[in-house]
Trainee: 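Below is a structure I'd like to ask you about.
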Amino acid sequence: IAKAFVTGDEGVTKIKNKGKKWIKYTDDEETRLWSYKHVGLFRKHTVVLDSEEKPLAIIFTGEKTMTSCNTYIVRNVPAFDGQEPLTAAELEGGGIKDTAGDEPLYKFAKIDSSKKLTTATCTFSLYGEGDALTAIYKGEKLPSMGFLAIFKDMDGTAIAKANVPGMSFSPHVEAASKVD
């Protein structure tokens with residue numbers, strides 16, 4: 001979504017949640033990466049903001065059942081040359097018509113997730129020409145007392161892990177080099 005969200009060559013990047021902000025941290029420094037705000041009451045969606053509080057993307061839920069959910073990420077920049085913006089019906093269906101205003105929005109990514117009693121899986125895919133989806137990452141919530149998840153590329157190589165330490169509600173993420 002943004003160049004600032006891609007980890008560098010420094011090895012493991014540590015990111016943690018602080019309220020509605022996500023912070024990259026080391027032993028002696030914290031850098032704000034992004035924040036978010038929820039919009040709406042019944043048809044909620046989330047606006048992702050960069051470190052300067054400028055909107056980067058809108059995340060909204062599409063089809064949802066008891067055991068599965070599709071989440072979409074849209075941006076005001078096309079994912080590829082010639083991409084058509086979302087239609088009025090798609091904006092209305094996602095509940096993002098008022099947030100978008102007159103600015104066109106384009107499909108960027110889709111997250112397909114399914115859950116069971118103690119586990120869950122998801123696939124993160126990017127939109128390409130002709131709205132074809134290319135799977136990039138898979139995530140798996142592991143059965144545990146707290147929250148513990150692992151993320152892998154499509155070859156099965158682990159690229160990140162997430163957990164909620166102790167009794168807090170603030171996730172911590174550790175990502176490998178060159179991961180977005």
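Here the structure is a predicted model, which is why all the values come from computation and not from measurement.
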Trainee: For F147, enumerate each residue passing the ring pair (Phe, Tyr, Trp, His ring centres under 6.0 Å) test, keeping only those at least two apart in sequence or located in another chain.
Mentor: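 Partners of F147 by the ring pair (Phe, Tyr, Trp, His ring centres under 6.0 Å) criterion come out as none, since no residue qualifies.
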Trainee: Applying salt bridge (charged side-chain N to carboxylate O under 4.0 Å, His left out), name anything that partners K138, two or more places apart in sequence or on another chain.
Mentor: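 With sequence neighbours excluded, K138 shows a salt bridge (charged side-chain N to carboxylate O under 4.0 Å, His left out) to no residue whatsoever.
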Trainee: Is the backbone of K178 close enough, under 3.5 Å, to the side chain of T7 for a donor and an acceptor to pair up by distance?
Mentor: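 Yes, the answer is positive, given that a donor and an acceptor are paired below the 3.5 Å cut-off.
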Trainee: Given side chains that start at C-beta, do those of V179 and Y137 come closer than 4.5 Å, heavy atoms only?
Mentor: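 SC-SC contact between V179 and Y137 confirmed.
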Trainee: List the steps, then state whether side chain to side chain contact (heavy atoms under 4.5 Å, CB included) holds for K14 with T26.
Mentor: CA-CA 7 Å; K14 296 180 179 182; T26 61; over 6 Å; no
Trainee: If the condition is salt bridge (charged side-chain N to carboxylate O under 4.0 Å, His left out), which residues does D28 pass it with, not counting sequence neighbours?
Mentor: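 None.
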Trainee: Go through D180 and F124 one step at a time and tell me if the side chain to side chain contact (heavy atoms under 4.5 Å, CB included) criterion holds.
Mentor: CA-CA 11 Å; D180 58 354; F124 178 82; 5.8 Å; no
Trainee: With sequence neighbours left out, which residue pairs that include part of residues 108-119 fulfil the side chain to side chain donor-acceptor pair (under 3.5 Å) condition?
Mentor: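 Pairs touching residues 108-119 that pass the test: S114-T121.
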Trainee: Between P171 and V164, what is the shortest heavy-atom contact and its length?
Mentor: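 In this case the closest contact between P171 and V164 is CA-CG2, 4.0 Å.
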Trainee: Please list all pairs meeting side chain to side chain donor-acceptor pair (under 3.5 Å) that have one or both residues in residues 152-172, counting only residues at least two apart or in different chains.
Mentor: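 Sorted result for residues 152-172: empty, none.
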Trainee: Applying the side chain to side chain donor-acceptor pair (under 3.5 Å) test to E30, which of K24, K18, K21 qualifies?
Mentor: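 Result: among K24, K18, K21, K18 is the only option passing the side chain to side chain donor-acceptor pair (under 3.5 Å) with E30.
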Trainee: Find out whether T87 and E92 are in side-chain contact, i.e. whether some heavy atom of one side chain is under 4.5 Å from a heavy atom of the other.
Mentor: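 No; the side chains remain at least 4.5 Å from each other.
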Trainee: Other than F169, which residues form its hydrophobic cluster under the rule that side-chain heavy atoms must be closer than 4.5 Å?
Mentor: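 The other cluster members (ILVMFWY side chains, heavy atoms under 4.5 Å, direct or chained): none.
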Trainee: Test of understanding: clusters of I, L, V, M, F, W, Y form through side-chain heavy atoms closer than 4.5 Å, transitively. Do Y36 and V173 belong to the same one?
Mentor: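 The answer is yes; both residues are in one hydrophobic cluster.
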Trainee: Name all residues meeting the salt bridge (charged side-chain N to carboxylate O under 4.0 Å, His left out) criterion together with E90; count only those two or more places apart in sequence or in a different chain, and write none if there are none.
Mentor: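 With neighbours one apart ignored, the set is K107.
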Trainee: Would you mind listing the cluster partners of V47? Hydrophobic ones only (ILVMFWY), side-chain contacts under 4.5 Å, chaining allowed.
Mentor: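 V47 clusters with V39, L49, I58, F60, Y72, V74, L86, L91, I96, L105, Y127, L133.
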Trainee: List the residues meeting ring pair (Phe, Tyr, Trp, His ring centres under 6.0 Å) with W34, not counting sequence neighbours, and say none if there are none.
Mentor: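 For W34 the ring pair (Phe, Tyr, Trp, His ring centres under 6.0 Å) partners, ignoring immediate neighbours, are F5, W22.
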Trainee: Strictly by side chain to side chain donor-acceptor pair (under 3.5 Å), give each pair with a member in residues 94-106 just once, sequence neighbours left out.
Mentor: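 Side chain to side chain donor-acceptor pair (under 3.5 Å) check on residues 94-106 returns H45-T99, N76-E103.
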Trainee: Share the residues that join Y25 in a hydrophobic cluster, the rule being Ile, Leu, Val, Met, Phe, Trp or Tyr side chains under 4.5 Å apart at the heavy-atom level.
Mentor: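 Grouped by the 4.5 Å side-chain rule, Y25 forms a cluster of one, so the answer is none.
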Trainee: I'd like to know if I136 and F108 are part of one continuous hydrophobic network [Ile/Leu/Val/Met/Phe/Trp/Tyr, side-chain heavy atoms within less than 4.5 Å].
Mentor: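 Linked, F108 and I136 end up in one cluster.
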Trainee: Restricting to side chain to side chain donor-acceptor pair (under 3.5 Å), what partner residues turn up for E53, sequence neighbours left out?
Mentor: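 Here the qualifying residues are R32, S35.
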Trainee: If you round to the nearest 0.5 Å, how far is CG of L142 from CD1 of I150?
Mentor: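 Interatomic distance, I150 CD1 to L142 CG, rounded to 0.5 Å: 6.5 Å.
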